[in-house]
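Here is the structure we will look at, set down as structure tokens.
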There are 2 protein chains.
Amino acid sequence: MHVSLVQLAKPVLHGYFRSSCSWRVRIAFALKGVEFDQVPVNLIKDGGQQLAVIQYIDETRPGPRLLPADPKKRAQVRMISDLIASGIQPLQNLYVIQKMGAEKMQWAQHFIDRGFRALEPILKETSGTYCVDDEISMADICLVPQVYNAERFKVDLEKYPTIKRLNQTLREIEAFRVSHPSCQPDTPEELRG
Amino acid sequence: MHVSLVQLAKPVLHGYFRSSCSWRVRIAFALKGVEFDQVPVNLIKDGGQQLAVIQYIDETRPGPRLLPADPKKRAQVRMISDLIASGIQPLQNLYVIQKMGAEKMQWAQHFIDRGFRALEPILKETSGTYCVDDEISMADICLVPQVYNAERFKVDLEKYPTIKRLNQTLREIEAFRVSHPSCQPDTPEELRG
């Protein structure tokens, strides 16, 4: 995933319909009401960078804040985001999974379960309607694509009632719906829904 | 790794001498001139969170900025930091490496090399004396522990002249020296240097 960082031009997202990284940025743009172009890239370049892009969008574009003004809440948002984007997602992204061969399902489930066990009690403390209180933030942007991956790898979400509840609330929101992998320019016909 | 987030009290770093996550936070505290207590924890909890802590420190403490004021440079700092903290470190941390058994050296080398191949041309563009221009930033805080891990896993640094040069410059700086794993309260005697 790559995003052109020219500040005032219409941004171009070079991404992949199913990549968590691309998806997070799509949600951020949708929440901010920023129009952008998408250039599908089949070579998936994962490896961080999405949080840098999201915070850059937040700092340079009007629209709802994706990080709260209060430093302590900002830290909570970043901790939840980092736990997902550094602690879970890199261990079950396509590149790593492909290296695991026959064990890939078991590997992905293991690391998602391990991450969700850490995440559930944190979200139980911090959440209101959304991950941190009642404002949508970067933490929510990170959560929804991760839960989608958990479902793909058949992780039992009943063990994580807070994660499950937040995901159900978030996926109804317009910015999350329009950015879903099922309706992107490069989504294959059989995955559209 | 866990850091108490009480804003005005003396912070307590619950960490591990060799964990990259703990080390990054130690460097940030040293750069800011913030005194803190360390409580060694042998159970290593990796998984992100260190960048949240570093940005929280930056937003709530005086001292040199760890993120530049300019949004574009901030994005560069965060991209480099995320590339390391999400794209490389989680794939070669102790927990993952232990799961790989006999293949652990090869696995770690593979992912560090892959990450450094992406990082080297970025740093060639962005660096001055340090990772982004001539100010020390969160990117430098992330780089030094990652190069230490590369050396532990015998990655050939000659292929990455910019990474090598930056690391050589940074490791001479007081804040980086005092926070090095070789001189922490829980460093075993045989690893002190």
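Nothing here was measured: the structure is a model prediction, and the numbers come from that model. Protein chains get the first letters and strands the later ones, always in sequence-line order, with residue 1 at the start of each.
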Ion pair present between B:Lys72 and A:Glu59, side-chain N to carboxylate O less than 4.0 angstrom?
no

When you group the ILVMFWY residues by side-chain heavy-atom contacts below 4.5 Å and let the links chain together, are A:Met100 and A:Leu91 in the same group?
yes

Side-chain contact, heavy-atom cut-off 4.5 Å: B:Val53 with A:Met79?
yes

What's the separation between atom CG in A:Asp82 and atom CD in B:Gln55, rounded to the nearest 0.5 Å?
7.5 Å

Using a cut-off of 6.0 Å, state whether more than 12 heavy atoms not belonging to A:Glu120 lie near its atom CD.
yes

Any residues in residues 103-113 of chain A near chain B, with a heavy-atom distance under 4.5 Å, and which are they?
A:Trp107, A:His110, A:Phe111

Can you tell if the side chain of B:Arg114 reaches within under 4.5 Å of the side chain of A:Tyr95, non-hydrogen atoms only?
yes

Using a cut-off of 6.0 Å, state whether more than 12 heavy atoms not belonging to A:Lys154 lie near its atom NZ.
no

Determine which pairs satisfy ring-ring contact (aromatic ring centres under 6.0 Å, His included) with at least one residue from residues 119-148 of chain A, sequence neighbours left out, and list them in order.
A:Trp23-A:Tyr148, A:Tyr148-A:His180

Around atom NZ of B:Lys124, are there more than 12 heavy atoms from other residues, nucleotides or ligands closer than 6.0 Å?
no

Scanning both residues in full, the closest heavy-atom pair of A:Thr60 with B:Pro71 reads CG2-CB, 3.6 Å

Distance col, row A:Asn93:CG vs B:Ser86:OG, nearest 0.5 angstrom, shows 10.5 Å

Exercise: identify the closest heavy-atom pair between A:Ala52 and B:Ala75:
CB-O, 3.9 Å

Whether over 12 other heavy atoms sit under 6.0 Å from A:Glu190 CD
yes

